[in-house]
Engineer: 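Take this structure, written in structure tokens, and hold onto it; I'll ask about it next.
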Amino acid sequence: MGIGELDREAHVPEATSAGAAPRTLAEALRARDDEGLAALLRARPDLLSPVPNDLTQLATRAGTRGSVVRALERLDRFALQTAEALAVAPDPAPYPVLLALLAGDEGDPAIEAALPGAVALLREQALVWGEDDRLRLVRTARELLAPSAQHPSPTGLGPTVAEATAGMSPGRVQEIIAAAGLPATHDPVSAVAALTELFTDRARMGALLDEASPEALSVLDRLVWGPPYGEVTANPAPPVRWLRDRGLLLPVSARTMVLPREVALHLRGGRAHRAPEPVAPVVEVAREYRPQVVDSAAAGQAYTALATVEELLKSWDQGGPQVLRAGGMSVRDLKRTAAALDVTEQVAAFWLELCFGAGLLASDGEADERYAPMPAYDEWLDLPPAERWARLVAPWLTATRAPGLVGGQDAKGRTLAVLGPDLDRGAAPEVRHRVLELLATLPPGAAADPGTVFARLRWERPPRGAAQPVPPRAPQAAARTDETTGTGTGTRPEVHDDLRSRLARWTLAEAELLGLTGRGALASPARALLNLPLAEASTPTDHGGRVELSVAAGRAATLLAPLLPEAVDHVLLQADLTAVAPGPLRRPLADALAVLADVESKGGATVYRFTPGSVRRALDSGRSASDLHDFLAAHSRTPVPQPLAYLIDDVARRHGHLRVGAASAYVRCDDDAVLGEILADRRSAALGLRRLAPTVLAAQTDPASLLDGLRSMGYAPAAESAEGDVLVTRADAYRTPARTAPAPVPEGPPVPDTTLLGAAVKAIRAGDRAATAVRKEPAAPVASAGGLPRTSAAETLATVQAAAMTGTAVWIGYVNAEGAASQRVIAPVRVEGGFVTGYDHTADEVRTYPLHRITGVAELADDQV
């Protein structure tokens, strides 16, 4: 569609007279009240960028292809089916005709009840305008939804008789109406009208089809629901010839026939769609639990989520894996992370993305770029468990990154990496909110059937391209037969693996991992996070009363806190060199024990195991053997077992017996027999050791590698400084520089708030008054360009001075410093120094304009003053 066509649909030079039916979309918008305009701008926020100057510009913008496509994509299935029916109906279409296309000849009470709401929704979004006796679909939407050979209609209907016979010779048209039993006419237009009247007359059409053979009816049955096109051979079979001769099949090309729309509607019983869906699918209950059971299960999973995040980031305290050149983490590092967490790679990707989105993890930005925790992670660790949980779920709810995409491919065939680019999907926050809201519509403790959740989401936002007729040019569209093509239903199956469906599946899984749901049912903290009533299962519809997400997250944390297990300050030491933590340990105890022992198993009670390596790690951190004995005695409810005491003393006795320094590296020991034993060990060959003195060995490797090599051989060396002092290795964590968390990437412009809507509507109204104000005709014709008035400088000055003295308003043309021209209605109050100051009705404020930028001025008509 060209700009001129848009202008013809949107522009009207004069305001609509009271009570008259609107002739254009702009007139229909002009007849709305402020609330109606605000509803349009709220539903289609792209129309606000930038704010239109007047209602004519708003109507023009609402009819552009990009805006209409976005609006159609956000319709529910029945509203979209209503628009599709209007696209195949006459233009304009009376309401009864639209109802007949959707409900069919037999009628449907559900459709009759739902259709007024669907039409009202289309009107609100400026996709349909006009009164009920003249409903009009905006031209761009009709072009997108109307049937054509290049773009088949979702209804599966073909062109009308008039469209299909547009290029047919008059003689051939006369042959068709004669074969159909109609009298000859004097021109092809009346012949096509007579044929159309025959096909739309139920009784006469039924009589014509009674003459058809079963084979001919079978051909029609295969085409009736689409696609309506079929290929024929050079010498078609008799049933096909009979249909062709009577216009029941019309030629599109030498080898292709089409079923006219009027014939298909008769065979369908008047329905435009095979399966209208006026009512949204109901989310069904799969299983019911007591609400307390659901909350307990969710709280347990929330605690596991906190432990998993802490374990993941603690393992990266000294720096995580390297960042790929293209961004993100390598597949090998992802597999290692998954193995360390004992989860699948997809779940590991979710935890990594969760930490990234919550601002706990980032790349360090160094030359050898690596991932590491951020300083905010240390602050997060100091928070109470419930608040830590809230700091995770609130960013997850609004994040646009989709971890489920990890491992897939982008449009260029490149693998999508975790923490890498191209994982943002603007629809993710909306889908997450909607999935949780659908779960909240069930009674507390009820788990939803996932299939019904997905079906509801697909109804509310039909997948793009779902249930589209197959184009005739594709081989799948028409299997060549001796009669015709169009076998089967002619429609593609519903696509259930679209992006929104996948986001919904991932949302259900991620909500369970985070503890927002327990056993598939929404927990009480999740209801508080969504600002839903806890006693009621219904979803609130007053969005204006919703609180900020941070406040809602605080309420959710308050509800979760009593459900989480209490932290304990003791362990139970056992004779098999293990310690059992009967619950979550308090922070100082947990950190100290993590250095002294290795985690052997997790769960309700964590089991730690003491090994020579773990005890050496504690000694390397600066603890002495006596410190370790005192620590265990102070925090154990059972006596320290003798094997554990012996283990600590034995490792401490050998700790630091060997000294490693930089030569590249060296080993020194007062006992030369020990050094001889090391040299004789075949495992030391890789270290490149040689004896420099009876008590000193030199190595060809660095001190850190030498330390690791000797420890792997069973020794307990200690590092020393250049002065010969023992170096104490403390667990000082590596942190990235402070950075902000990744911002969500929204899908299109955000929904405007009430304040912005009110200001926008006010500005559009003021601009429209200025654009449609009636001006007095000048005494002599004046030149105009672009609709702006043209007067001389002297005339402009005299007119505005007179208006300032009389207190009347005038109409001016104004060009700003950027060269943008506009029309304004102002009431001058002062004219001096080359400037005019007055009340601008367009902007609804007092402004000052340079006189040299005013192109011209005209007085308003008496009834406009």
Side-chain angles (χ1 to χ4, degrees), residues 43 68-130 132 135-148 151-158 160 224-228 261 264-265 267-282 454-470 489-496 498 500-501:
V68 170
V69 168
R70 281 190 291 269
L72 291 175
E73 289 177 349
R74 300 187 71 85
L75 295 177
D76 62 59
R77 190 179 296 277
F78 187 63
L80 184 58
Q81 287 180 334
T82 302
E84 292 165 355
L86 277 172
V88 298
D91 186 28
Y95 184 86
V97 172
L98 174 62
L99 177 60
L101 283 171
L102 289 167
D105 296 339
E106 299 179 355
D108 188 327
I111 292 177
E112 294 175 6
L115 185 56
V119 172
L121 176 63
L122 294 174
R123 273 205 187 102
E124 177 186 286
Q125 299 197 18
L127 295 171
V128 168
W129 58 277
D132 282 353
L135 293 174
R136 290 184 180 272
L137 190 65
V138 294
R139 185 177 291 108
T140 307
R142 178 174 290 275
E143 292 176 353
L144 290 168
L145 300 176
S148 69
H151 303 286
S153 169
T155 61
L157 293 170
T160 62
V224 64
W225 292 107
R261 186 183 307 171
L265 287 173
L267 296 171
R268 295 179 178 193
R271 285 183 182 270
H273 295 85
R274 188 169 196 169
E277 299 182 57
V279 180
V282 177
F454 303 149
R456 177 61 173 267
L457 289 174
R458 286 193 297 272
W459 185 91
E460 292 180 347
R461 192 72 60 80
R464 186 181 304 177
Q468 295 280 351
V470 183
T489 63
T491 57
R492 297 188 183 100
E494 281 274 348
V495 180
H496 298 321
D498 59 287
R500 291 179 63 86
S501 295

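For the numbers below, each heavy atom of this structure counts, side chains included, while hydrogens, waters and symmetry mates do not.
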Engineer: Flag the pair R461 and D76 as a salt bridge only when some basic side-chain nitrogen lies within less than 4.0 angstrom of an acidic carboxylate oxygen.
Structural biologist: no

Engineer: Determine the minimum heavy-atom distance between L135 and D132, stating which atoms define it.
Structural biologist: CG-O, 3.9 Å

Engineer: Nearest 0.5 Å, what's the OG-CD distance between S153 and E84?
Structural biologist: 6.0 Å

Engineer: Is L127 close to L121 at the side-chain level, that is, under 4.5 Å between some pair of heavy atoms?
Structural biologist: no

Engineer: Give the minimum heavy-atom separation between E112 and G107, together with the two atoms involved.
Structural biologist: OE2-CA, 4.3 Å

Engineer: Which heavy-atom pair separates R142 from D91 by the least distance, and what is that distance?
Structural biologist: NH2-CB, 3.5 Å

Engineer: Taking all non-hydrogen atoms of both residues into account, name the closest pair between A85 and A272 and its distance.
Structural biologist: CB-CB, 4.4 Å

Engineer: Which distance, rounded to the nearest 0.5 Å, do you find between the CG of L102 and the CD of E277?
Structural biologist: 12.0 Å

Engineer: Could you give me the CA-CA distance, side-chain angles and deciding distance for V279 and F78, then say whether side-chain contact (heavy atoms from CB on, under 4.5 Å) is met?
Structural biologist: CA-CA 8 Å; V279 180; F78 187 63; over 6 Å; no

Engineer: Using 0.5 Å steps for rounding, measure from the CG atom of D498 to the CZ atom of R458.
Structural biologist: 7.5 Å

Engineer: What pair of heavy atoms forms the shortest contact from P276 to R271, and how long is it?
Structural biologist: CG-NH1, 3.1 Å

Engineer: Between R456 and E460, does at least one N-O distance fall below 4.0 Å, as a salt bridge requires?
Structural biologist: yes

Engineer: Under the rule for side-chain contact (heavy atoms from CB on, under 4.5 Å), what residues qualify as partners of L265, not counting sequence neighbours?
Structural biologist: L101, L157, R261

Engineer: As a quick check of understanding, evaluate side-chain contact (heavy atoms from CB on, under 4.5 Å) for L75 and L72, giving each step before the final call.
Structural biologist: CA-CA 5 Å; L75 295 177; L72 291 175; 3.8 Å; yes

Engineer: Hey, could you give me the CD/CZ distance between Q81 and R77, rounded to the nearest 0.5 Å?
Structural biologist: 7.0 Å

Engineer: First locate atom CG of L98, then atom CG of L115, and finally report the distance between them rounded to the nearest 0.5 Å.
Structural biologist: 5.0 Å

Engineer: Please answer whether the main-chain N or O of P278 pairs with a side-chain N or O of W459 as donor and acceptor at a distance below 3.5 Å.
Structural biologist: no

Engineer: For A87 and L145, work out which heavy atoms get closest and say how close.
Structural biologist: CB-CB, 3.6 Å

Engineer: Check the pair W225, R268 against side-chain contact (heavy atoms from CB on, under 4.5 Å), reporting the backbone distance first and the verdict last.
Structural biologist: CA-CA 8 Å; W225 292 107; R268 295 179 178 193; 3.3 Å; yes

